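What follows is a set of notes on a single structure, which appears directly below.
Everything numeric in this text was worked out from a predicted model, so none of it was measured. Because only heavy atoms are used, hydrogens play no part in the values below, and waters and symmetry mates are left out as well, while side chains stay in.
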Amino acid sequence: MDLEIPVGKRKPFYRFLEMLPGMLSYGVIILLILLSIFNPLLASVYLLVLISMALIKIFGISYHMLVGRTNMEKACQVDWSRRLHDLEDPAAAHARLFATKNKQFEYKTHLRNLQSIIDEPSDYPKPSQIYNAIIMPAYNESIEIIEPAVQSLLDTTYDLSRLIVVFAYEERGGAEIKKTAEILQKKYNDAFHSFHSFHIVEHPKGIEHEVIGKGGNITHAGRWLKSYLGNLGIDFSQVLVTTMDCDNKPHPTYFDYITYEYIVYKDRKNLSYQPIALFTNNIWDVPAPMRVIATGNSFWNIVSSMRPYALRNFASHAQPMDALVEMDFWSVRTIVEDGHQYWRSYFHFDGKYGVVPIYAPIYQDAVLSETYKKTLKAQFVQLRRWAYGASDVAYVGSRVFSSKRRAPFWPSLTRFLRLLDGHVTLAYVALVTAFGAWLPLLLNPEAVRNIDAHQLPGTISLLQTIAMLGMVIAIFSSFKILPPRPARYKKRRTFLMLIQWILMPVTSILYSSMAAYAAQTKLMTGRYLDKFDVTEKLTVDINDRLKAERNRSKDDQGGASK
């Protein structure tokens, strides 16, 4: 079965599936309006069902958020470097740990893993045989953004001599990014820094059938890496590849952690490894609406780590090189190559595929542009791009309902329905929760007087009050994942981090909901998003420098004109 997204005109069934998320998302609102006009009582029942379903989900999300955050904190305290070293001589490590009765996080699991290797040593590679490769894509980001991410690789606990770094930059990014790449290669390929090697790979522009996006860039870099490893005689099954944006900073134990997990799973080729993305690098610098959205996205990634049945690839993730080579790496025809990679892998392995949660975070930047207005716009564009993952509904559905299907039907159907429900719920739930209770009163006030529907706003308000428990948990958790307050901010900034949550209903509607409707409308009308709009992620320091450079440029131009 072809793993790629169709080029050009789609078949009728594929087009129907592309339109399906938007049809259902708009349909929920349209049905509520029609029922409010013609049958307010039924509208009330319908609305209560929708709100109750959302409320149940909120309780589940809140629980998973608390447990997931606890798991993350515990995992970050584990000495993964030591545990990885234990796999070199599992018999000696097992005897030592069993004798000391060590009580660290997942101690019993570690002992079981050691015992499995002792029982069947031929099924498990040794850590000294494994390499980690990082593909770091870039477009036109400044060196101030990129170099801290590269530097963070040096600060990991992993054996740097087994770390291969591939800096993948876009030709369309211009001369400046090429210059940045050459500076980085010269600096970090120095033996002093101890990487196995640091390479730069330029992705040519204008390749046929490629959308303008990250997928083509990292796939081009992956093909280069395939040739490089082949020349060195390194077996592809001994290389774990992480894609990591050029603003990402992995937790110091990340590479030890994923290497450990890669080794202890027998079916390692059929798995990918998903860390928790936390948008906290510059969280103190961004405007309040962006802080709420970034924190909410961080929470969702924590929650997702607790739901392995629904866990998907997102942003930075790792996968074995042999699997990537078989699949020809990532899709070059979608702007959401990360989430889409899950489905490519799922169908490539005939449904025998899973995602292992990695409870170590990779820290990323929240959206911040040069001006407040640009930041607000850039945030919407980013969320619309993420919501464009609704395009996977057609990709998955066309394979689930295909006579050529090789993945099992019922598990595949369950995944399809969960995918569809997630995108439809994202679109309508904030709107329905905020305004749904008032529709019967506004559209058919005469009929409402004769029934109990006029009590609906009060009932919905009560449910919303109950749901505020989730907000309290979110606020508490937000302070737990915050990095230390920068010295340039006074203590009142911390207070602003608390009161910012009054913006959550607004950001949920104007950003999450509207971005989902915008993406689904694009799919409904066949106006596909074929360009990855790179999100600006700055800090206050970089913003100040850019403003100073612009002011100097204006002064120079003014002097020249005089």
For Met306, look at atom CE and say whether over 12 heavy atoms of other residues, nucleotides or ligands are found less than 6.0 Å away.
yes
So, taking the atom named NZ in Lys108 and the one named CG in Asn113, what distance separates them when rounded to the nearest 0.5 Å?
14.5 Å
Do Arg291 side-chain atoms and Val286 backbone N/O form a donor-acceptor pair below 3.5 Å?
yes
Do His64 and Ile302 have side chains that get closer than 4.5 Å, going by heavy atoms?
no
Residues that Phe435 engages under side-chain contact (heavy atoms from CB on, under 4.5 Å), provided they are two or more places apart:
Leu431, Ile509
Looking at Pro483, is its backbone amide N or carbonyl O close enough to the side chain of Trp284 to form a donor-acceptor pair, meaning the two atoms are under 3.5 Å apart?
yes
Set of salt bridge (Lys or Arg N to Asp or Glu O under 4.0 Å) partners for Asp421, sequence neighbours left out
Lys57
Distance-only, no hydrogens or angles: does the Tyr262 side chain make a donor-acceptor pair with backbone N or O of Ser272 under 3.5 Å?
no
Would you indicate whether the side-chain heavy atoms of Thr243 and Pro137 approach each other to under 4.5 Å?
no
For the side chain of Asn140 and the backbone of Ile177, is there at least one donor-acceptor N/O pair under 3.5 Å apart?
no
For Tyr342 and Tyr353, I'd like to know if the aromatic rings sit close, meaning centre-to-centre distance below 6.0 Å.
yes
Measure from the side-chain N and O atoms of Asn313 to the backbone N and O of Gly339, and report whether any donor-acceptor pair falls under 3.5 Å.
no
Is the shortest heavy-atom distance from the side chain of Leu153 to the side chain of Met244 under 4.5 Å?
yes
Pick one: which of Thr253, Asp86, Asp256 meets side-chain contact (heavy atoms from CB on, under 4.5 Å) with Ser81?
Asp256
Residues Arg488, Asp285: salt bridge by 4.0 Å N-O rule
yes
Can a side-chain donor-acceptor contact be found between Thr334 and Tyr388 if the only test is distance below 3.5 angstrom?
no
Give a yes or no answer on whether the side chain of Asn301 reaches the backbone of Asn297 with a donor-acceptor pair at less than 3.5 Å.
yes
State, with a plain yes or no, whether a side-chain heavy atom of Tyr428 is found less than 4.5 Å away from one of Leu32.
no
Whether Phe299 and Trp501 hold their rings parallel, tilted or perpendicular, with breakpoints at 30° and 60°
parallel
If only atom types and distance count, is the side chain of Gln274 paired as donor or acceptor with the main-chain N or O of Phe314 below 3.5 Å?
yes
Within a reach of under 6.0 Å around OH of Tyr63, are more than 12 heavy atoms found that belong to other residues, nucleotides or ligands?
no
Between Thr180 (side chain only) and Ile143 (backbone N and O only), is there a donor and an acceptor less than 3.5 Å apart?
no
What verdict does the side chain to side chain contact (heavy atoms under 4.5 Å, CB included) test give for Lys214 and Asp245, after you've listed the backbone C-alpha separation in whole Å, the side-chain angles of each residue and the deciding distance to 0.1 Å?
CA-CA 9 Å; Lys214 191 171 75 173; Asp245 287 354; 2.9 Å; yes
Can you classify the ring geometry of Trp80 versus Tyr257 as parallel (below 30°), tilted (30 to 60°) or perpendicular (above 60°)?
parallel
Close aromatic pair by centroid cut-off 6.0 Å: Tyr260 and His110:
yes
Mind checking what makes salt bridge (Lys or Arg N to Asp or Glu O under 4.0 Å) contact with Arg384, not counting sequence neighbours?
Asp533
Under a 4.0 Å threshold between the charged nitrogen and the carboxylate oxygen, would Asp155 count as salt-bridged to Lys249?
no
Can you confirm whether Arg415 sits close enough to Pro411 that some side-chain heavy atom of one is under 4.5 Å from a side-chain heavy atom of the other?
yes
Side chains of residues 18-25: which donor-acceptor partners sit under 3.5 Å, not counting sequence neighbours?
residue	atom	partner	partner atom	Å
Glu18	OE1	Arg15	NH1	2.8
Glu18	OE1	Tyr528	OH	2.6
Glu18	OE2	Arg10	NE	3.1
Ser25	OG	Pro21	O	2.9
Ser25	OG	Gln520	OE1	2.6

Hey, are Ser304 and Arg307 close enough side-chain-wise for a donor-acceptor pair under 3.5 Å?
no
Leu426 and Val429: CA distance, side-chain angles, deciding distance, side chain to side chain contact (heavy atoms under 4.5 Å, CB included) verdict:
CA-CA 6 Å; Leu426 177 64; Val429 72; over 6 Å; no
Can you confirm whether Leu529 sits close enough to Val336 that some side-chain heavy atom of one is under 4.5 Å from a side-chain heavy atom of the other?
no
Nearest-0.5 Å distance, CG of residue Leu383 to CD1 of residue Ile293
5.5 Å
Are His251 and Tyr363 close enough that some pair of their side-chain heavy atoms sits under 4.5 Å apart?
yes
What's the separation between atom CG in Leu47 and atom OG1 in Thr433, rounded to the nearest 0.5 Å?
8.0 Å
If we ignore hydrogens and angles and just use 3.5 Å, is the side chain of Arg385 paired with the main-chain N or O of Phe532 as donor and acceptor?
no
Is the shortest distance from a Lys or Arg side-chain nitrogen in Arg83 or Asp79 to a carboxylate oxygen in the other one below 4.0 Å?
no
Apply side chain to side chain contact (heavy atoms under 4.5 Å, CB included) to Val211 and Lys531, showing your working.
CA-CA 6 Å; Val211 302; Lys531 180 181 179 183; over 6 Å; no
By side-chain contact (heavy atoms from CB on, under 4.5 Å), Ala378 pairs with (sequence neighbours left out) Val367
Value rounded to 0.5 Å, distance of CD1 in Ile218 from CE in Met136
13.0 Å
CG of Leu311 to OG of Ser305: how many Å apart, nearest 0.5 Å?
7.5 Å
Ala138 and Phe167 have their tightest heavy-atom pair at CB-CZ, 3.5 Å
Which class fits the ring pair Phe279 and Trp386: parallel under 30°, tilted 30 to 60°, perpendicular over 60°?
tilted
Side chains of Asn132 and Thr259: do they bring a donor and an acceptor to under 3.5 Å?
yes
Taking Glu370 for its side chain and Thr375 for its backbone only, find out whether a donor-acceptor pair lies under 3.5 Å.
no
Is there a side-chain contact between Ser412 and Tyr346, using heavy atoms and a 4.5 Å cut-off?
yes
Pairwise distance CE(Met497) to OG(Ser478) - rounded to 0.5 angstrom
8.5 Å
May I ask you to check whether Asn281 and Asp365 show a side-chain donor-acceptor distance below 3.5 Å?
yes
Decide if atom CZ of Phe495 counts as having more than 12 heavy atoms of other residues, nucleotides or ligands within a radius under 6.0 Å.
no
Partner set under side-chain contact (heavy atoms from CB on, under 4.5 Å) for Ala318, not counting sequence neighbours
Leu240, Thr242, Tyr254, Ile258, Tyr273
